[in-house]
Number of protein chains: 2
Amino acid sequence: MVEQRLDTTFRALADPTRRGMLASLALGDKSIGELGEPFAMSFAGAAKHVKVLESAGLIERCKAGRRQICALRPEPLREAEAWLKQWEKFWSVRLDRLEAAIDRDKKENPND
Amino acid sequence: MVEQRLDTTFRALADPTRRGMLASLALGDKSIGELGEPFAMSFAGAAKHVKVLESAGLIERCKAGRRQICALRPEPLREAEAWLKQWEKFWSVRLDRLEAAIDRDKKENPND
DNA sequence: TCGTTGTTCAACCATGTGGTTTATAATGCA
DNA sequence: TGCATTATAAACCACATGGTTGAACAACGA
């Protein structure tokens, strides 16, 4: 179900290392070693993060010789964004109220 | 930093119980008991989820007599959505291809 | 005042997470 | 062939998470 995909997607995104890896992949496909290199952690540690991203469907891997090339698969991000879009009306209502309050304030105190 | 807020926001959203609680709050403010009631878990369990949502800044609580009324605070959702919007170009490339294919199909079969 | 209700807190448990190290494979190259 | 590179897997550690129970506290109503 989509609900379960949201679980794993949000879970995968809840870590700055993994978000960094996604950003890195946005610039081009990379191997696990290249993905982990900026993060001052062991190769095995980086590989675990890659595995989380992969099982969340956010990346796919294909073998190229002895390397594993990872590529971005943004579809789950899209689902997550669609879910978040649900809430847009809530923050826009607040913004409207805020603007109304500011307008009211201006009318009452025009020289502030 | 915003990065840390993303951590806690995505972490809070990575659980169906908590997403359900947010959806419930979208319909109106609720007490902890009311929030937890649909989820077949102990009150203390529900209160833990509420605490996670609160420390992620997604809800705020105020005392009303002996009850704790929780209200939605959607701002962190907005930040999360803004982060996800970054990636739109990646899936829109794919969508463009899909739309082009559909257009092509319509031209060839105009009476579908 | 007393009981009921809503909540908080601490302790506990099983499991998951983020990280390590180490060993073991698989591949490419001199 | 032998060695360096890249990845995988397993074992381990400290800590967080999701859940429980039970005790205590605060506030409302009879």
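Residue numbers begin at 1 in each chain, while the letters A, B, ... track the order of the sequences. For the numbers below, each heavy atom of this structure counts, side chains included, while hydrogens, waters and symmetry mates do not.
Residue Lys51(A) has a polar side-chain atom (N or O) positioned under 4.0 Å from OP1 or OP2 of dA9(D). The phosphate of dG18(D) (OP1 or OP2) has a side-chain N or O of Arg18(B) nearer than 4.0 angstrom. Within the 4.0 Å cut-off from OP1 or OP2 of dA26(C), not a single side-chain nitrogen or oxygen of Gln68(A) is found. The side chain of Ser42(A) places an N or O atom within less than 4.0 Å of a non-bridging phosphate oxygen (OP1 or OP2) of dT20(C). OP1 or OP2 of dT8(C) has at least one side-chain nitrogen or oxygen of Arg61(B) nearer than 4.0 Å.
Counting to the nearest Å, the P atom of dG28(C) and the CD1 atom of Ile69(A) are 12 Å from each other. The CG-P distance, from Asp15(A) to dA16(D), rounds to 14 Å in whole Å. One atom, CD1 of Ile32(A), and another, C1' of dA9(D), lie 13 Å apart when rounded to the nearest Å. In this structure, Leu13(B) atom CG and dG18(D) atom P are separated by 12 Å, rounded to whole Å. Remark: P of dT17(C) and CE of Met41(A) are 15 Å apart, rounded to the nearest angstrom. Taking atom CD on Glu37(B) and atom C1' on dT5(C), their separation rounds to 15 Å, with Å as the unit. Atom-to-atom, CD of Glu54(B) to P of dT8(C) comes out at 9 Å; the value is rounded to the nearest Å. At whole-Å resolution of the value, CG in Leu53(B) and P in dG18(D) are 10 Å apart.
In this structure, Gly45(A) and Arg66(A) both approach DNA chain C, and ranking their closest nucleotides by distance from the 5' end singles out Gly45(A). Of the two residues near DNA chain C, Arg11(B) and Lys63(A), the one whose nearest nucleotide lies more 5' is Arg11(B).
When the shell of 6.0 Å around NZ of Lys51(A) is examined, it contains 12 or fewer heavy atoms from other residues, nucleotides or ligands. Heavy-atom neighbours of Glu3(B) CD from other residues, nucleotides or ligands within 6.0 Å: above the threshold of 12.
Proximity of a side-chain donor or acceptor of Arg18(A) to a complementary backbone N or O of Ala12(A) within less than 3.5 Å is detected.
In this structure, of dT8(C), dT20(D), dG18(C), it is dT8(C) that holds the atom nearest to the side chain of Phe43(B). The side chain of Lys48(B) approaches dG18(D) more closely than any other nucleotide in the set dG18(C), dG18(D), dA7(D).
Heavy atoms of Ala47(B) sit nowhere under 4.0 angstrom from any nucleic acid atom. Across all strands, Thr17(B) comes closer than 4.0 Å to no nucleic acid atom at all (heavy-atom distances).
Among the candidates Thr9(B), Val2(B), Leu53(B), the single residue satisfying the side-chain contact (heavy atoms from CB on, under 4.5 Å) test with Pro76(B) is Thr9(B).
Taking the six-membered ring for Trp and thresholds of 30 and 60 degrees, Phe10(A) and Phe10(B) have nearly parallel ring planes, at less than 30 degrees apart.
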